[in-house]
Amino acid sequence: MLNKKMQKLGEERSVIREIFEYGNQRAKQIGRENVYDFSLGNPSVPAPDGVRQEIEHLLRELPSEKLHGYTSAAGAPEVRQAVSDYITATFGVPMRPELIYMTCGAAASLTVTFHALAEEGDEFIVLTPCFPEYNVFIKQAGGKVVPVCTDSNFHIDIPALAAAINEHTKAVLVNSPNNPTGAVYGEEELKALASLLTEKSKQYKKPIYIIADEPYRELTYGAKVPYIPALYPSTIVCYSFSKSLSLAGERIGYIAVAPACEGSEEIFSAVCGAGRSLGYVCAPALFQRVCAKLLGQSGDIHAYERNRDLLYNALTQAGFTCVLPQGAFYLFMQSPLENATAFCEMAKKHELLLVPSDSFGIKGYVRISTCVDYEMIKRSLPAFSALAKECGLK
Ligand code: PLP
C-alpha cells in the first residue's frame, strides 16, 4: 500500500496547470499566436546578463569537483556570508551568516519554515487571496490554515486579523508584493501589524511569528517594500531568486531568521532539522554562488510595468474592474459573473486563458499574469473587448 494522502495530492490537478496545458493543446489546433495564455507566473524577461557572466566566470575559475560538489547542508559559507552582508547593508538589520539557510526556492523556504515551527494544534494565518500552495505546505507540516480576508483594496484588515488570533496562532504569513493581487504593504500598515502581533504575543505569553514570503521583493513599480524584520523582530524571511532574477527553474532561494527574533538560534536549528528531514540540504551549488553575486538585482522590471499598464488601461476602458497592482506580475480583476469559473469558460471561447480566483481563497475574481509577451497582450485586446461586450459591460 502507499500513502493515500500523497496519492490524492499528486492526482489533484492544479487549476493553473490545467489551463496552461489546455493552452498548449489549443495552440496546436489554432496556432500559438491565436491563443492568449495569461495563466502561469513564469518570468517572461531574460535573467540579467550578470547571471550568464557569473556562470561563465565560475566555470573558468573553480575546479569542477568544487563547483558541483556538495556544499554545507545550510549552504556554502561564503554565500551565506554574502547574503548576510547584503541584508545588513541594505536593510540595516544586523544579520548573521549563521542564521541564513540556502534553499531550493521559496517553496522549499516555506515548507522548511512551516516544518520548523509547527507543533500539534498550531494555527497559521494566511491573508487571502493568497498563493494556493500555502494550504498544501502548512497542512503537510501538521499546521492548521486559518484564512483571513484582506480588505477591498487587498490590504491587511487589522481588525479581522486581530479577531482571528488566539492562543494557538503560531505565525502570520505575509506575502508582499502579493501574488495574486499585486498589493504592496506599506510601512504604516506593517507597523500596525507589528504592534498587533506584539500585543497578542504578550497576551498569550509566546512569540507570534511573521513568515515573510518574498519572491517578488524587487518587482515593484515605484512602491517601497519595507523590510519586515526591521519592524518586527520575530520574523522569518522566505526569499527566492525565481522571479527577481528569472531563475524559476533553477530552484534557489534562502531562509533568513531575523537576528532579534526570540529564540533565533533554536529556530535556526529547527530549520536545519526540517531541511534535513525533508531532504532539502545543500541547495544547488552553482546557483548558490551565482546568486551571491547578484543580490538585490532583477530582470527588466520596466517590461513588466509596460505590460501591466497596457493591460490595466485596456481592461478598465473596456469596463472591467481591477485595482492597479503595485508589484509582482499579476492583475487581479473582478469577474463580471458571480461565478469566476463560468467567466473563465466564457473567456476561453475568446481564446483568453485566465485563472479563476477560487483556488486563491476568494470568489468572484480572475488572475491575469502580466509576465507574458507584450505583443501577445496587444493581440489579445480585441478579445478582451468582445468578452466585455458579451458580459454587458459598456
Ligand atoms: N510564494 C509565492 C507567493 C509565489 O507566487 C511562488 C511562486 O509562484 C512561490 C512562493 C514559490 O516560488 P519558488 O518558485 O521560488 O519556489
Side-chain angles (χ1 to χ4, degrees), residues 70-120 122-124 134 137-138 140-143 169-175 194 197-198 201 205-215 217 227-241 251-285 287-289 291-292 295:
Y70 288 124
T71 65
S72 305
E78 71 277 16
V79 172
R80 296 168 71 201
Q81 182 72 54
V83 171
S84 170
D85 291 349
Y86 172 77
I87 291 173
T88 304
T90 311
F91 306 117
V93 170
M95 188 44 78
R96 286 189 285 129
E98 298 80 29
L99 297 174
I100 303 292
Y101 189 93
M102 301 306 295
T103 63
C104 300
S109 302
L110 290 163
T111 311
V112 166
T113 301
F114 293 133
H115 275 83
L117 294 182
E119 294 173 287
E120 206 175 325
D122 276 350
E123 297 184 358
F124 291 82
Y134 291 159
F137 300 162
I138 293 170
Q140 190 48 34
T169 308
K170 181 51 80 66
V172 178
L173 189 47
V174 174
N175 168 225
L197 295 186
T198 305
S201 297
K205 298 189 178 53
K206 59 162 204 172
I208 297 175
Y209 301 102
I210 291 181
I211 300 172
D213 179 25
E214 301 206 326
R217 162 161 284 282
Y227 197 60
I228 298 178
L231 303 172
Y232 187 69
S234 293
T235 298
I236 300 160
V237 176
C238 292
Y239 183 83
S240 160
F241 298 93
R251 314 309 301 133
I252 186 78
Y254 63 79
I255 296 167
V257 179
C261 188
E262 200 180 313
S264 58
E265 279 165 25
E266 288 84 353
I267 293 173
F268 191 78
S269 297
V271 163
C272 294
R276 184 179 171 195
S277 72
L278 292 162
Y280 276 137
V281 287
C282 175
F287 276 90
Q288 285 190 43
R289 296 188 175 97
C291 290
L295 293 161

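Without hydrogens or angle criteria, T103 side chain to G105 main chain gives a donor-acceptor distance under 3.5 Å. Without hydrogens or angle criteria, S201 side chain to I208 main chain gives a donor-acceptor distance under 3.5 Å. At distances below 3.5 Å, not a single donor-acceptor pair connects side-chain atoms of D213 with backbone N or O atoms of N175. Within the 3.5 Å criterion, the main-chain N or O of V237 finds no donor-acceptor partner in the side chain of E214. Using modelled atom types, no side-chain atom of T90 and backbone atom of I87 make a donor-acceptor pair closer than 3.5 Å.
Between Y239 and C291, every side-chain heavy-atom pair lies at or beyond the 4.5 Å cut-off. V174 is not listed as a side-chain neighbour of T235, based on a closest heavy-atom distance of 4.5 Å or more. In this structure the side chain of L117 reaches within 4.5 angstrom of the side chain of I236, judged on heavy atoms. Taking 4.5 Å as the limit, every side-chain heavy atom of T71 sits out of range of all side-chain heavy atoms of V79. Annotation: side chain of F137 is not in contact with side chain of T113 (no heavy-atom distance under 4.5 Å). Using a 4.5 Å heavy-atom cutoff, the side chains of T111 and Q140 are not in contact. Looking at heavy atoms from C-beta onward, C272 lies in side-chain contact with Y101 at the 4.5 angstrom threshold. Contact check for V83 versus M102: side-chain heavy atoms found under the 4.5 Å cut-off.
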Go through Y134 and L110 one step at a time and tell me if the side chain to side chain contact (heavy atoms under 4.5 Å, CB included) criterion holds. CA-CA 8 Å; Y134 291 159; L110 290 163; 3.7 Å; yes
Before you tell me yes or no, could you show the steps for Y70 and V281 under side chain to side chain contact (heavy atoms under 4.5 Å, CB included), namely the whole-Å CA-CA distance, both residues' side-chain angles and the distance that decides it to 0.1 Å? CA-CA 9 Å; Y70 288 124; V281 287; over 6 Å; no
Step-by-step side chain to side chain contact (heavy atoms under 4.5 Å, CB included) determination, R217 to Y227: CA-CA 9 Å; R217 162 161 284 282; Y227 197 60; 3.4 Å; yes
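L278 CG to C104 SG: the interatomic distance, rounded to the nearest 0.5 Å, is 11.0 Å. In this structure, the separation between CD on Q81 and CE on M95 is 12.0 Å, given to the nearest 0.5 Å. Within the model, atoms CD1 of I228 and CZ of F91 stand 11.0 Å from one another, a figure rounded to the nearest 0.5 Å. Rounding to the nearest 0.5 Å places OH of Y209 at 6.5 Å from CD of E262. Note that the NZ atom of K206 and the OG atom of S234 stand 11.5 Å from one another [nearest 0.5 Å]. A distance of 10.5 Å separates CG of L295 from OG of S84, quoted to the nearest 0.5 Å.
When every heavy atom of F268 is checked against every heavy atom of R80, the shortest pair comes out as CZ-NH2, 3.5 Å. Closest non-hydrogen pair, Q288 versus A283, comes out as NE2-O, 2.7 Å. When all heavy atoms are compared, the tightest approach of P233 to A258 is O-CB, 3.2 Å. Of all non-hydrogen atoms in P259 and S264, the two that sit nearest each other are O-OG, 3.5 Å.
The 12-atom threshold is exceeded at CD of E78, counting heavy atoms of other residues, nucleotides or ligands nearer than 6.0 Å.
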